[in-house]
**Q** 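After the structure tokens below, expect a handful of questions from me.
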Number of protein chains: 2
Amino acid sequence: MGATKTDLFTKKQNEIAAMAKAIAHPARIAILQQLLKTNACVCGSLVEDLGLAQATISQHLKELKNVGLIHGTVEGTSVCYCINTKTWKQYQQLFADLFIDITDSQNCC
Amino acid sequence: MGATKTDLFTKKQNEIAAMAKAIAHPARIAILQQLLKTNACVCGSLVEDLGLAQATISQHLKELKNVGLIHGTVEGTSVCYCINTKTWKQYQQLFADLFIDITDSQNCC
DNA sequence: TCGCTTGATTGCAATATTACGATTGATATT
DNA sequence: AATATCAATCGTAATATTGCAATCAAGCGA
């Protein structure tokens with residue numbers, strides 16, 4: 001017990017859940033918004049901006065990297081992060097597909 | 001430690017994260033898709049469909065109810081669940097806003 | 001009323017997540 | 001080479017989530 005029973009669900013369902021989990025934390029939302037806003041790679045300045053410890057930020061960045069939403073390139077001692085446009089568009093599409101248009105008539109109770 | 005430091009983030013960021021968390025589990029995705037597909041309220045038959053224990057399904061339904069994505073009405077001994085159209089549209093809008101269009105030129109590294 | 005069915009709740013065990021201090025590895029700078 | 005800086009990783013503690021058996025509560029039919 002305790003672990004999600006992924007074998008009961010379709011590959012797609014597990015995939016959607018994993019993608020949602022990646023953005024299911026305010027720090028990761030904040031990181032993504034910061035990357036969108038500054039357009040460029042803010043790298044380590046995210047630590048000052050967010051107010052979390054360096055180790056914690058690094059952990060969140062790793063998760064975002066794992067699902068491919070961002071990628072980082074080493075620049076000297078610092079690392080530059082930015083949105084992965086391709087994956088970003090996939091997320092856009094996936095959530096649009098999930099929250100498909102629904103008519104009020106479908107509502108039954 | 002261990003708990004999310006919500007006070008560090010904006011209300012909106014916490015809200016988005018909470019919404020994402022609500023759909024960050026394959027069972028809840030499966031429930032929503034089933035409700036969309038059958039159009040009507042499948043109620044307790046979700047238990048047979050998904051293969052999880054009744055208590056577990058009930059718990060997931062409760063979470064979906066908590067964020068307002070579904071609502072249930074008692075019909076005799078059974079309970080009829082369906083999508084909450086209003087909240088559904090809010091989710092649709094919120095994720096569309098988050099995954100805003102991005103141009104490849106914004107990509108810097 | 002008495003059972004039967006349905007679904008919510010409780011209590012518990014297993015696992016996952018969040019957060020951070022401390023350390024490590026890599027690259028600049030002096 | 002010695003030192004400083006940045007970010008990843010390790011180890012650990014606290015908290016959250018997942019899942020289920022068992023129980024509870026409400027409505028229905030005989």
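Both backbone and side-chain heavy atoms feed into the values below; hydrogens, waters and symmetry mates do not.
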**Q** Measure from CG on B:L46 to C1' on C:dA8 and round the result to the nearest Å.
**A**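 Rounding to the nearest Å, CG of B:L46 and C1' of C:dA8 are 15 Å apart.
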
**Q** Just the rounded figure in Å: distance from P of D:dT18 to CD1 of B:I23.
**A**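 It works out to 13 Å between those atoms.
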
**Q** Report yes or no: is there a donor-acceptor pair, N or O only, under 3.5 Å between the side chain of A:Q59 and the base of D:dA8?
**A**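 There is none.
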
**Q** Report the distance from atom CD of A:E75 to atom P of D:dA8, rounded to the nearest whole Å.
**A**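 A:E75 atom CD is separated from D:dA8 atom P by 13 Å.
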
**Q** Would you tell me if any nitrogen or oxygen in the side chain of A:K5 comes within less than 4.0 Å of OP1 or OP2 on D:dC20?
**A**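 Affirmative; the distance criterion is met.
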
**Q** Is B:C80 close enough to B:C41 that their SG atoms are under 2.5 Å apart?
**A**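 A disulfide, yes.
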
**Q** Between B:L8 (CG) and C:dT18 (C1'), how many Å, whole number?
**A**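 About 12 Å, once rounded to whole Å.
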
**Q** Considering every strand and a 4.0 Å limit on heavy-atom distances, what is the contact class for A:A55: base, sugar-phosphate, or nothing?
**A** base

**Q** Can you check the A:N66 CG to C:dA16 P distance for me, whole Å?
**A**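 Nearest whole value for this atom pair: 15 Å.
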
**Q** Using only atom types and a distance under 3.5 Å, with no angle test, would you say the side chain of A:W88 pairs donor to acceptor with the backbone of A:I70?
**A**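 Answer holds: no.
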
**Q** In whole angstrom, give the distance that lies between atom CD1 of B:I31 and atom C1' of D:dG19.
**A**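 Answer to the nearest Å: 13 Å.
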
**Q** Give a yes/no answer on whether the side chain of A:Y81 brings an N or O atom under 4.0 Å of OP1 or OP2 in D:dA8.
**A**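 Affirmative; the distance criterion is met.
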
**Q** Whether A:S58 contacts D:dA8 is assessed here as follows: a side-chain N or O lying under 4.0 Å from the phosphate OP1 or OP2. Is that the case?
**A** yes

**Q** When all nucleic acid strands are considered with a 4.0 Å heavy-atom cut-off, which category describes B:L61: base, sugar-phosphate, or nothing?
**A**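 If one applies the 4.0 Å heavy-atom cut-off, B:L61 turns out to touch nothing in the nucleic acid.
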
**Q** Can you tell me the distance, in whole Å, between the CD1 atom of B:I57 and the P atom of C:dT6?
**A** 15 Å

**Q** Reading DNA chain C from 5' onward, which residue's closest nucleotide shows up sooner: A:G2 or A:A24?
**A**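 Closer to the 5' end of DNA chain C: A:G2.
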
**Q** So, do B:L46 and B:L61 sit near enough that their side-chain heavy atoms are less than 4.5 Å apart?
**A**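 Yes. Closest side-chain heavy atoms under 4.5 Å.
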
**Q** Using every non-hydrogen atom in the two residues, find where A:I31 and A:H60 come nearest and quote the distance to one decimal.
**A** CD1-CB, 4.0 Å

**Q** Would you kindly compare A:F9 and B:V74 by the position of their nearest DNA chain D nucleotide and give the one closer to the 5′ end?
**A** A:F9

**Q** Does A:K62 put a side-chain nitrogen or oxygen below 4.0 Å from OP1 or OP2 of D:dA7?
**A**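 Answer no for this pair, as no side-chain N or O of A:K62 is under 4.0 Å from OP1 or OP2.
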
**Q** With respect to the side chain of A:E63, which nucleotide from C:dT18, D:dA22, C:dA16 is positioned closest?
**A** C:dT18

**Q** Is the phosphate of D:dT17 approached by B:H60 (side-chain N or O, under 4.0 Å from OP1 or OP2)?
**A**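 Checking D:dT17 against B:H60, no side-chain N or O comes under 4.0 Å of OP1 or OP2.
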
**Q** Assign A:T56 to base, sugar-phosphate, or nothing according to its heavy-atom contacts below 4.0 angstrom with the strands shown.
**A**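 Base, at least one base atom sits under 4.0 Å.
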
**Q** Once you round it to whole Å, what is the distance between P of C:dT17 and CZ of A:R28?
**A**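 Taking CZ of A:R28 and P of C:dT17, I get 9 Å after rounding.
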
**Q** Just N and O in the side chain of A:K21: are any of them under 4.0 Å from OP1 or OP2 of C:dA16?
**A** no

**Q** Ring-plane angle category for A:Y91 and B:F99, please: parallel below 30°, perpendicular beyond 60°, tilted otherwise.
**A** tilted

**Q** Both A:T4 and A:T77 contact DNA chain C. Taking the nearest nucleotide for each, which residue is further toward the 5' end?
**A** A:T4

**Q** Kindly compute the distance separating NZ (A:K21) from CG (A:N14), expressed to the nearest 0.5 Å.
**A**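 Spacing of NZ (A:K21) from CG (A:N14) equals 9.5 Å.
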
